[in-house]
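See below for the structure under consideration.
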Amino acid sequence: MRMRPNSLGSGKGRNRIVGGLLAWAAVAATIAPTATARADDAKPFRLCADPTNLPFSSDSPSQPGFYVEIGRALAQALGEPIAYDWYKSYFGKRTVRVTLLGKQCDAMIGLPRSEDFMGPAVIFSNSFAKEGYALVAARGLALGGVDDLKGRRVAVQYASTPQNLLATRDDIQKVTVLSPEEGMQALDQGKADVAFIWGPVAGWLNKTAYNDRYQIQLTEGEGLSWDAAIGFAKTSAELRDRVDAILPQLQGTIAGLAVKYGLPAGQPVRFGAAQAVPAGTTTGTGPGASVVQVANGVATEAKGDASALNAATVGAGKEIFNGTCAHCHGPDAIQSERKIDLRLLRHRYGDDMRDTFWKTVHDGRPAKGMPAWSEVFTDEQFDSIYSFLLTVQAESND
Ligand code: HEC
């Protein structure tokens, strides 16, 4: 599955990925690896992949992509032939539901390693790479963090995490682009000094179209990068354990493939302490942030559903929000694009705010790009997201 900026359900990123790790490790520890199943006949290792998602996957035999080549190496180490289920994905979780959970394949390479990402139905291998947004610039330009972007023209993709992250920085000039391709062009044409765009595509284009002219630095911080892992249906714990046992010996192969496909490597540039509060799903979440938000919420919540504001509920809602909704609506709902700025819900709908929220999250607005979530979350979880959103509503002055 791809981890394109706008296709990931949990990107978590957006930030989010660390949460399930301990719980996951505990579960894994209780499952005794069974060596016996290896004596398999010729049952293939079936991989779900997108045929048109380079640098990650493609159905071209000469240029199969990072994930597909990892899949081949894995199948070989497992002693099984490989088979593919090609599926053109356009939205992460839906694809996973149809393919992996629909038993059309055994594994999906490149899912964000987080229980938030469809856990517990989906389980994960250990992480094999880190993927996310990257800073692309002329070689030699020293970029160690957000302050090094001051005074520069920075290309950011519309409605992406970097755009949200830089939204409040008046000292950084944003050049809005609609795709990573356009971000690279803006650099190439001298319209931007830096492109803060989706790393895998930037790296791939740098390699294939720009003669490796640019330096590409992975970033980390709220919503900026993910630990990529291999996802399995929860009924495949035995296979997952065999894969985990093999992964360490494939690290060299994987590192070579990362270079082959131009994926950004090296120490990530850390972003975000200033404005992106750590997502609830990262281990870095302190209680402090929630408390402040709750206080704000109470201040703007004098009338109406103040009773819903309970710190634990708000915290849970915020966690889900940052895990699942933030890559479109912005981390902590901070979003510069008015149309999808959920801090304006009260302003927009007044007393109908709750009804509108409820209907929209259950049914989605598929034609407009808002997915339906009723199969993904319980009503209690929707309530907690709503409680969180109440704490971030803009002052209504109409
Ligand atoms: C793939 C991107 C995407 C994701 C993920 C997403 N949304 Fe949306 N959402 C949208 C878009 C686009 C709209 C605007 C639709 C329109 O123009 O009517 C929207 C609209 C909404 C609205 C109505 C806003 C209004 O002012 O009418 C709510 C409420 C909402 N989303 C909540 C959520 C919640 C909660 C989540 C997470 C569970 C979420 N969204 C995840 C894209 C997304």
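In listed order, ligands and their atoms are each counted from 1. Residue indices begin at 1 and follow the sequence shown.
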Do any of the N/O/S atoms of His329, backbone or side chain, fall under 2.8 Å from atom 8 (Fe) of ligand 1?
yes
Option with minimal heavy-atom separation from atom 23 (C) of ligand 1, where the choices are Arg343, Arg365, Met370:
Arg365
With heavy-atom distances below 4.0 Å as the criterion, list the atoms of ligand 1 near Leu345.
24 (C), 25 (C), 26 (O)
Which distance, rounded to the nearest 0.5 Å, do you find between the CG of Asp227 and the CD of Glu131?
9.5 Å
Between Phe271 and Phe196 (judged by ring centroids, cut-off 6.0 Å), do the two rings come close enough to count as a pair?
yes
Sole residue of Phe357, Phe382, Tyr386, Trp373 in ring pair (Phe, Tyr, Trp, His ring centres under 6.0 Å) with His362
Phe382
Look at ligand 1 and say whether Phe382 reaches it with a heavy atom at a distance under 4.0 Å.
no
Pick one of side chain, backbone, both or neither for how Phe321 approaches ligand 1, counting any non-hydrogen atom pair under 4.0 Å.
neither
Any N/O/S of Thr360 under 2.8 Å from atom 8 (Fe) of ligand 1?
no
Show me which atoms of ligand 1 lie under 4.0 Å from any heavy atom of His327.
5 (C)
Check ion pair Asp147-Arg169 (N to O, under 4.0 angstrom)
yes
Reported CG-to-OH distance for the pair Leu344 and Tyr349, which is rounded to 0.5 angstrom
10.0 Å
Ligand 1 versus Lys368: contacting region, heavy-atom distance under 4.0 Å
both
Taking Lys150 first and then Asp170, would you say they form a salt bridge - that is, a charged N and a carboxylate O separated by under 4.0 Å?
no
My understanding is that only residues two or more places apart in sequence, or in another chain, count here; which of them pass side-chain hydrogen bond (donor to acceptor under 3.5 Å, both in side chains) with Tyr84?
none
Quick note on ligand 1: atoms under 4.0 Å from a heavy atom of Thr324 include exactly 5 (C)
Closest to atom 11 (C) of ligand 1 among Asp341, Ile385, Ile340, Thr356 (heavy-atom distance)
Ile340
Run down the list Ala372, Cys328, Gly317 and name the one with the heavy atom closest to atom 3 (C) of ligand 1.
Cys328
Output the distance between atom CE (Met353) and atom CZ (Arg348), rounded to the nearest 0.5 Å.
11.0 Å
From the options Val361, Val376, Leu342, Leu344, select the one whose nearest heavy atom is closest to atom 24 (C) of ligand 1.
Leu342
